[in-house]
Amino acid sequence: MEGQKKGLSRRSFLGLGAASVAAMGVAGLTGCAPQESEAVANAKVGVKTYSWETEPEAIGSVEGAESVDVVVVGAGMAGLSAACSAAEKGASVLVLEKTGIANFRGIDYGAIGGSLQKEVGIDLTARKEDVLQEVLRWGGHRGDYRVVKAWVDHSAEALDWAAGMLTDHGITVAPMPEEMQVIPDAWYEHFATDAFQIVPTDDLMAEGAEAGYEPPFAIGWAKAFTAYAEELGVEIRFNVTAEQLIRGESGPVTGVVYKDGSKHYQVDAKSVVLAAGGYGADAEMMDAFVPNHEEDIYNITTPAHNTGDGIRMGAWAGASIDPAPHCPMYFDEGVEGLEHMPSIPLTRQPWLYLNDFGERFCNEDMPYAYVCRAHNAQPRHMKWVVWDAKWETDGPAMGMVVCKDFRSPLHNPEEIQQFIEEGQILSADTIEGLLAKMEGIDQETAKATIEHYNELCAAGVDTDFGKRAQCLSSITEPPFYAVHSGTTLLITLGGLEIDENQQVLDAEKKPIEGLWAAGNCSGSFFFDDYPITISGVSHGRACTGGRRAGQFAADRAKQA
């Protein structure tokens with residue numbers, strides 16, 4: 001099993017344009033290692049290169065081979081949506097999962113016009129174009145209109161399907177009321193796109209916590225999807241690593257080579273769906289696609305197994321990657337002193353924000369990504385968040401929505417008290433005492449800023465930065481509190497370029513036959529910043545794109 005290695009230009013590999021790549025390799029395995037002359041040229045001009053840009057040698061031998069209609073790489077939201085949807089169409093399906101469990105995270109699942117939304121009086125059907133344009137606006141209109149439109153048009157059907165599947169397997173779901181998604185008087189518009197939420201029962205919370213799910217009730221997805229997959233005859237093979245795609249010279253993708261322990265195996269398939277997640281745990285890919293991440297990100301909460309496997313495999317097969325920079329999902333919850341970043345709504349409210357100079361620097365009532373961009377421009381790329389004893393009444397009155405509100409299980413008073421006792425949340429009975437604990441801040445300027453801020457609160461008008469009156473909570477009643485907080489990266493959102501049918505594109509924007517991508521492995525959708533004003537769009541895209549990819553993959557398999 002030997003093949004000729006072909007050259008792959010750096011611009012094409014990084015999604016920066018250039019000619020398409022002819023791919024070859026073992027029994028059709030792709031080969032695209034850069035030529036020596038390019039590597040030498042890059043070194044001469046000081047271009048940084050990365051190990052993942054060079055395809056590994058084609059795997060020379062395999063222990064055995066098998067055939068199925070559809071192979072899905074990854075058992076998360078996108079992967080299992082694809083697998084079950086393909087099986088519903090009569091395809092034989094094999095899922096290859098790197099870890100020992102089905103992987104689900106998150107709380108919100110976005111759709112437009114779903115049945116559960118309509119039950120609580122939410123119907124954005126007439127505003128599809130507005131939602132679509134909001135996604136594109138957040139991405140500086142770098143996203144593909146057609147790809148975003150596919151989510152807009154098909155999300156309701158996909159999430160209704162998912163809700164029915166969950167309910168049929170004993171998982172209770174409930175619609176999310178509009179008031180929990182929208183701030184009516186905010187200076188920016190929210191769209192009530194949350195299709196539903198899993199109800200966090202005590203049993204689910206306990207089981208999910210034991211299994212390590214974040215949030216714990218996300219285990220409901222895993223339980224239901226794996227049960228449904230089994231009913232459909234889908235085989236999920238855990239603790240195996242997909243390593244290379246099989247593709248002949250400019251031909252279709254015809255399978256996957258994966259590793260189980262120390263041995264390699266080959267799966268021949270008529271269709272392959274890549275749904276292996278992002279690359280937040282791969283330092284080199286972060287360097288290439290999320291500039292300044294070492295300075296701007298205080299903590300990365302991406303699971304350790306999200307190392308961009310599917311994106312690399314696709315690129316080695318001739319696929320194009322979204323042009324850099326990619327879209328990171330930034331959250332303003334990186335509390336200093338906490339290695340693991342739980343979502344603590346209390347510390348994320350639009351209280352008073354100060355930089356190390358002791359000055360306010362922004363309207364604190366901004367979407368998460370904007371807050372992160374603002375404090376990343378400050379000394380140490382962080383901010384001080386300051387509030388007082390009125391937080392139990394003033395916090396909820398600010399009207400924050402989705403994962404920034406004070407609902408359980410995100411808001412846990414006992415956990416907050418523990419953080420105070422352990423010192424992650426600083427506290428003192430005087431302003432001077434609090435400032436003395438805030439290492440690195442200009443105490444005199446900060447004290448003057450707090451005094452001025454209290455005057456704005458008393459007047460009920462923020463003439464400095466225009467914050468909503470509901471968010472003007474004075475720093476007047478002891479005890480006083482503060483945290484030093486930075487940016488948390490939840491996931492990366494750039495991936496393989498796709499068309500509106502989830503089919504992966506090559507460098508000439510032509511579909512690669514037999515290859516689809518979904519979820520955070522796929523691109524052409526998010527750029528610049530994550531549109532937090534559209535609740536649940538990330539998971540909604542994963543479910544919708546996965547379902548459609550599986551359906552198209554099954555159609556091709558059955559017709560081949």
inquiry  = We want to know whether Glu414 and Gln418 form a side-chain donor-acceptor pair, criterion being a heavy-atom distance below 3.5 angstrom.
reply    = no

For the student: nearest non-hydrogen atoms of Ile107 and Pro215, plus distance = CG1-CG, 3.6 Å

task = Run through His293, His375, Glu295 and flag the one making a side-chain hydrogen bond (donor to acceptor under 3.5 Å, both in side chains) with Thr487.
result = His375

message = Could you check whether any side-chain N or O of Gln197 sits under 3.5 Å from a backbone N or O of Pro175, counting only pairs where one atom can act as donor and the other as acceptor?
response = no

query = Is the count of non-hydrogen atoms from other residues, nucleotides or ligands lying under 6.0 Å from Glu129 atom CD greater than 12?
reply = yes

ask   = With no hydrogens and no angle check, is any side-chain donor or acceptor of Gln378 less than 3.5 Å from a backbone partner on Asp356?
value = no

message = Walk me through whether Asp144 and Lys149 qualify under salt bridge (charged side-chain N to carboxylate O under 4.0 Å, His left out).
response = CA-CA 9 Å; Asp144 188 316; Lys149 188 174 188 299; over 6 Å; no

message = For the CG atom on Asp202, are there more than 12 heavy atoms of other groups (residues, nucleotides or ligands in this structure) within a distance under 6.0 Å?
response = no

message = Checking side-chain polar atoms at under 3.5 Å, does Lys118 have a donor or acceptor matched by the opposite partner on Thr125?
response = no

inquiry  = What I want to find out is whether Arg105 reaches Glu214 closely enough, with some N-O distance under 4.0 Å, to be called a salt bridge.
reply    = no

query = Out of curiosity, Ile441 CD1 to His484 NE2, how far, rounded to the nearest 0.5 Å?
reply = 8.0 Å

message = So Thr492 and Asn520, do their side chains get closer than 4.5 Å, heavy atoms only?
response = no

Intermediate values then yes/no, side-chain hydrogen bond (donor to acceptor under 3.5 Å, both in side chains), Glu451 and Thr449 = CA-CA 5 Å; Glu451 291 173 353; Thr449 300; over 6 Å; no

request  = Report the C-alpha distance between Tyr453 and Trp351 in whole Å, list the side-chain angles of each, state the deciding distance to 0.1 Å, and finish with yes or no for side-chain hydrogen bond (donor to acceptor under 3.5 Å, both in side chains).
outcome  = CA-CA 11 Å; Tyr453 180 72; Trp351 309 114; over 6 Å; no

request  = Apply side-chain hydrogen bond (donor to acceptor under 3.5 Å, both in side chains) to Lys437 and Ser427, showing your working.
outcome  = CA-CA 8 Å; Lys437 294 183 178 182; Ser427 64; 4.8 Å; no

ask   = How about Lys447: does its NZ atom have over 12 heavy atoms from other parts shown lying under 6.0 Å from it?
value = no

ask   = Got Ser538 and Leu493 here, is their nearest side-chain heavy-atom distance under 4.5 Å?
value = yes

ask   = For residues Asp394 and Ser473, is any side-chain donor paired with an opposing acceptor at under 3.5 Å?
value = yes

message = When you compare the side chains of Glu189 and Thr533, does any donor N or O come within less than 3.5 Å of an acceptor on the partner?
response = no

query = Is the NZ or CZ atom of Arg547 both under 6.0 Å from the centre of the six-membered ring of Trp161 and within 45° of that ring's axis?
reply = yes

message = With no hydrogens and no angle check, just 3.5 Å: does a side-chain donor-acceptor pair link Asp194 and Ser535?
response = yes

message = Taking the six-membered ring of Phe525 as reference, does the cationic atom of Arg541 (NZ for Lys, CZ for Arg) lie under 6.0 Å from its centre and within 45° of its axis?
response = yes

message = Check for me whether the distance between the ring centres of Trp384 and Phe480 falls short of 6.0 Å.
response = no

ask   = Out of curiosity, Ile420 CD1 to Leu426 CG, how far, rounded to the nearest 0.5 Å?
value = 10.0 Å

query = Hey, would you say the Tyr279 and His326 ring centroids sit under 6.0 Å apart?
reply = yes

task = Please determine which of Tyr370, Tyr530, Phe526 meets the ring pair (Phe, Tyr, Trp, His ring centres under 6.0 Å) test together with Trp138.
result = Tyr370

ask   = So, the side chain of Thr445 versus the backbone of Asp442: is there a donor-acceptor pair under 3.5 Å, distance only?
value = no

query = Any donor-acceptor pair under 3.5 Å linking the side chain of Asn355 with the backbone of Gly358?
reply = yes

inquiry  = Asn363: which residues meet the side chain to side chain donor-acceptor pair (under 3.5 Å) condition with it, sequence neighbours left out?
reply    = none

ask   = When the aromatic ring centroids of Tyr353 and Trp387 are compared, is their separation below 6.0 Å?
value = no

note = For Ser474, the side chain to side chain donor-acceptor pair (under 3.5 Å) test, sequence neighbours excluded, returns Lys390, Thr476

inquiry  = Could you go through Ser115 and Asp160, starting from their C-alpha distance and side-chain angles, then the distance that decides it, and tell me whether this counts as side-chain hydrogen bond (donor to acceptor under 3.5 Å, both in side chains)?
reply    = CA-CA 7 Å; Ser115 60; Asp160 282 353; 3.2 Å; yes

Side-chain H-bond candidate by donor/acceptor type, Ser51 with Glu53, under 3.5 Å = no

remark   = Residues Leu472 and Val461: closest non-hydrogen pair is CD1-N, 3.7 Å

inquiry  = Looking at Asp332 and Lys383, is there a salt bridge between them, counting it only when a charged N and a carboxylate O are closer than 4.0 Å?
reply    = no

message = We want to know whether Asp405 and His411 form a side-chain donor-acceptor pair, criterion being a heavy-atom distance below 3.5 angstrom.
response = no

request  = Count the heavy atoms belonging to other residues, nucleotides or ligands that lie under 6.0 Å from CZ of Phe238, then report whether that count exceeds 12.
outcome  = yes

request  = Could you point out which residue of Lys467, Arg360, Arg468 forms a salt bridge (Lys or Arg N to Asp or Glu O under 4.0 Å) with Asp462?
outcome  = Arg360

remark   = Nearest heavy-atom approach of Trp151 to Ile534 is CH2-CG2, 4.0 Å

What pairs of donor and acceptor atoms, side-chain ones from residues 203-213 against any protein atom, are under 3.5 angstrom apart with sequence neighbours left out?
from, atom 1, to, atom 2, distance (Å)
Glu207, OE1, Lys223, NZ, 3.4
Glu207, OE2, Lys223, NZ, 3.4
Tyr213, OH, Ala102, O, 2.5

task = Please check if any side-chain donor atom of Asp296 sits under 3.5 Å from a side-chain acceptor atom of His381, or the reverse.
result = yes

key: Donor-acceptor contact below 3.5 Å, side chain Arg348 vs main chain Tyr368   = no

